[in-house]
Number of protein chains: 2
Amino acid sequence: MDNSIKVKFDKIDRKILEILQANAKITNAQLSKDIGLSPAPTLERVKKLEQSGIIKSYHAKLDPEKIGLGVSTFVLVGLIGHNKGNIDAFMKEIDQIPEVIECHHITGTGDFILKIISKDINSYQKLMLEQVSEIKEVDSMQSMVILSTFKDSKVLPIPA
Amino acid sequence: MDNSIKVKFDKIDRKILEILQANAKITNAQLSKDIGLSPAPTLERVKKLEQSGIIKSYHAKLDPEKIGLGVSTFVLVGLIGHNKGNIDAFMKEIDQIPEVIECHHITGTGDFILKIISKDINSYQKLMLEQVSEIKEVDSMQSMVILSTFKDSKVLPIPA
DNA sequence: AGAATTTACCGAATTATATGTGGTACAAAG
DNA sequence: CTTTGTACCACATATAATTCGGTAAATTCT
């Protein structure tokens, strides 16, 4: 497995990546037609992209509201200290909360930004009070509730 | 197609959803083993979940760094006005920028939060100066650069 | 309660798809 | 040039998805 930062791929590979990002369920036969190759080398290319780590995984995207998840938020979290120990401890706690679906270390206003998804405002409040704010490394929290989502693309813009 | 907010599904469906969120490439045969049914009804359930819109789509997840995308950011955007016309105009522009992979309307500090991914700091700056800040409805922008991502789960916590 | 109806399931046959193989052309390296 | 390696195709095989007929359980209706 190649672990270097940048990996080489050609124009055809890029097209494969674009297609599979948008629709992972396409058959190899259809994919091969779309890129203009026969099935065998097409599959070979996909396997290589998987083995090289360019393609990390495949996921089903669900409709949050239809499974009863009505409230999504971003939360800016400030920690009491910025040393590695604190950050690791914070991460360890965050990792165990499935409602926290993203956690990024950022520059700017706060130290971290979380994306949290929960059933409703009540369960969100409960989660924040009883789980997030209970993490001892957490100093400040600022919530931004998502009123609506206009764009949520799973397709990354692959540079030329 | 059911378009209501909440759709019903049982314990077995939830398990299917959990599995397909984590690994969309699982074979129907394996999935049926994992949930304890035979392949036929398993497939039937998956199809129903797709038709009901609970499962919206399937996507390949790529490694951003390996395709040359080194800079990810969140941007808080304030608009000059908050009327529907402005918001729609803003959205229309945002929609055409592939580097903006998410756009949410939020409460709190700003009006919108964007997630942007680009090649490097230079191309990020170029994008912000020449595209985002050029949208006439945009008033303020505050960038938060992601230093590192600790969690990026594609699995939503399905409520009991 | 009992009959009718619907729903969910299974096993097996069929169809579609993925995967493996051998051979060929092209390109790059020696 | 010649050699080596790479990428490709067509075709054969293996694996998986899908369809079908029939059965049992659950639900609805009388």
Side-chain angles (χ1 to χ4, degrees), chain A residues 1-63 66-68 154 158-160, chain B residues 1-63 66-68 154 158-160:
Chain A
M1 150 98 74
D2 189 326
N3 225 46
S4 66
I5 291 299
K6 189 70 184 306
V7 182
K8 11 334 17 18
F9 52 91
D10 64 15
K11 201 151 281 191
I12 298 175
D13 290 322
R14 171 180 301 117
K15 202 164 180 188
I16 291 175
L17 292 173
E18 282 166 358
I19 292 170
L20 290 182
Q21 282 189 95
N23 172 24
K25 268 299 180 64
I26 189 174
T27 63
N28 186 60
Q30 185 58 47
L31 178 62
S32 70
K33 274 177 204 159
D34 290 358
I35 64 171
L37 288 183
S38 70
T42 301
L43 188 66
E44 217 172 69
R45 279 170 179 268
V46 172
K47 295 294 177 199
K48 259 183 209 160
L49 291 168
E50 288 170 358
Q51 285 172 350
S52 72
I54 293 183
I55 297 175
K56 293 173 80 167
S57 45
Y58 297 90
H59 306 275
K61 179 183 177 182
L62 309 188
D63 184 325
K66 292 201 174 158
I67 54 175
K154 300 306 176 193
I158 306 173
Chain B
M1 149 102 69
D2 189 327
N3 226 47
S4 66
I5 293 297
K6 188 71 185 304
V7 182
K8 6 354 350 28
F9 53 89
D10 64 15
K11 202 151 282 191
I12 297 175
D13 289 323
R14 170 180 302 118
K15 202 162 179 188
I16 291 175
L17 292 173
E18 284 166 358
I19 292 170
L20 290 182
Q21 283 188 92
N23 173 24
K25 267 299 180 63
I26 190 173
T27 64
N28 186 59
Q30 184 58 47
L31 178 61
S32 69
K33 276 177 204 161
D34 290 358
I35 64 171
L37 288 181
S38 70
T42 301
L43 188 66
E44 218 173 67
R45 280 171 177 267
V46 172
K47 296 292 177 201
K48 259 183 208 160
L49 291 168
E50 288 169 358
Q51 283 172 350
S52 71
I54 293 184
I55 296 175
K56 295 174 80 168
S57 45
Y58 298 90
H59 306 275
K61 179 183 177 184
L62 310 188
D63 184 325
K66 291 200 174 159
I67 54 175
K154 300 305 176 194
I158 306 173

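Quick note on labels: first sequence line is chain A, next is B, and so on, each numbered from 1. FYI, side chains are in, hydrogens and waters are out, and symmetry mates aren't considered; it's all heavy atoms of this structure.
Residue A/N28 contributes atom CG, which lies 15 Å from atom C1' of D/dA14 at whole-angstrom precision. Separating the CD1 atom of B/I26 from the P atom of D/dT15 is a distance of 18 Å, rounded to the nearest angstrom. Rounded to whole Å, the distance from CG on A/D10 to P on C/dC26 is 18 Å. As a whole-Å value, the separation of B/R45 CZ from C/dT7 P is 14 Å. A/L37 has its CG atom 16 Å from the C1' atom of C/dA18, to the nearest Å. The distance from atom NZ of A/K25 to atom C1' of D/dA16 is 12 Å, rounded to the nearest whole Å. In this structure, B/F9 atom CZ and C/dT7 atom P are separated by 20 Å, rounded to whole Å. At whole-Å resolution of the value, CG in B/L31 and C1' in C/dC9 are 15 Å apart.
Comparing B/E44 and A/L43, the nucleotide of DNA chain C nearest to each residue sits closer to the 5' end for B/E44.
Annotation for A/K25: atom NZ counts as buried by contact number, over 12 foreign heavy atoms lying within 6.0 Å.
Counting all heavy atoms, side chain and backbone alike, A/R14 lies closest to A/I158 at NE-CG2, 3.7 Å.
Distances were taken from every side-chain heavy atom of B/S38 (C-beta onward) to each of D/dT18, C/dG11, D/dC8; the shortest belongs to C/dG11. Comparing D/dA7, C/dA8, D/dA10 by their nearest atom to the side chain of A/A40 picks out D/dA10. If you check D/dT19, D/dA16, D/dC8 against the side chain of B/T27, the one that comes closest is D/dA16.
For the pair B/D34 and B/I26, the minimum side-chain heavy-atom distance is below 4.5 Å.
Listed pair A/K47 / C/dA18 fails the phosphate criterion, with no side-chain N or O lying under 4.0 Å from OP1 or OP2.
Put simply, the side chain of B/K66 gets close to the backbone of A/S52: a donor and an acceptor are under 3.5 Å apart.
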